[in-house]
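Below is one structure, written out as structure tokens, with a few remarks after it.
Computed from a prediction, not measured in an experiment: that's the story for all the values here.
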Amino acid sequence: MRNRSEPSVDTGGAGCAGGAEGEVEVEGDADVVRFAFDGRALAARPGQSIAGALWGHGIVAWRTTRGGGRPRGAFCGMGVCFDCLVVVNGVPGQRACLVRVSEGDPTAAPGPARTGRTGSPGRRSSQPVLG
């Protein structure tokens, strides 16, 4: 059941799993967690990993390999492979499959200027999914 009291959220043309394009499908009166990914406002279910939230919006690849520029997203889904790296609150190298979405988190795909571990560490993200 869709929570109609929440405004629709831009998905950049990709529909959410189970919902109409631009809307987040939530069960009953569950809260919606809002966050940004590469400047786009998205929403997720509370407790959902960043990777799960991106999948729910049809975003399955958000970085590329260094050598061949091949698309990468979540592969193992349990923090072993490091294919799902994102930048969360300015901290690079965060595994999207292990970090829960937190309200207002600015999240981004790693880019040329964001892949190193130098510079300001920013605020460490949200709660890990496991732990």
Using a 4.5 Å cut-off on heavy atoms from C-beta on, say whether the side chain of [Y] contacts that of [X].
X	Y	value
V87	R63	no
T107	V99	no
E103	F35	no

List the atom of [X], the atom of [Y], and the distance in Å for their closest heavy-atom pair.
X	Y	value
G79	C76	N-SG, 3.5 Å
G93	L85	O-CD2, 3.5 Å
V101	I50	CG2-CA, 3.7 Å
A44	A53	CB-CB, 3.6 Å
P106	N89	CD-OD1, 2.8 Å
W62	C84	NE1-O, 3.2 Å

Just grab all the salt bridge (charged side-chain N to carboxylate O under 4.0 Å, His left out) pairs involving residues 70-81, residues at least two apart or on different chains.
->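 As it turns out, the salt bridge (charged side-chain N to carboxylate O under 4.0 Å, His left out) pairs with a partner in residues 70-81, which skip direct neighbours, are R72-D83.
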
Side-chain donor or acceptor of [X] paired with backbone N/O of [Y] under 3.5 Å:
X	Y	result
D38	A109	yes
H57	A43	yes
S102	D105	no
Q94	V88	no

Rounded distance [0.5 Å steps], SG in C97 versus CH2 in W55 =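 One gets 8.0 Å once the value is rounded to the nearest 0.5 Å.
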
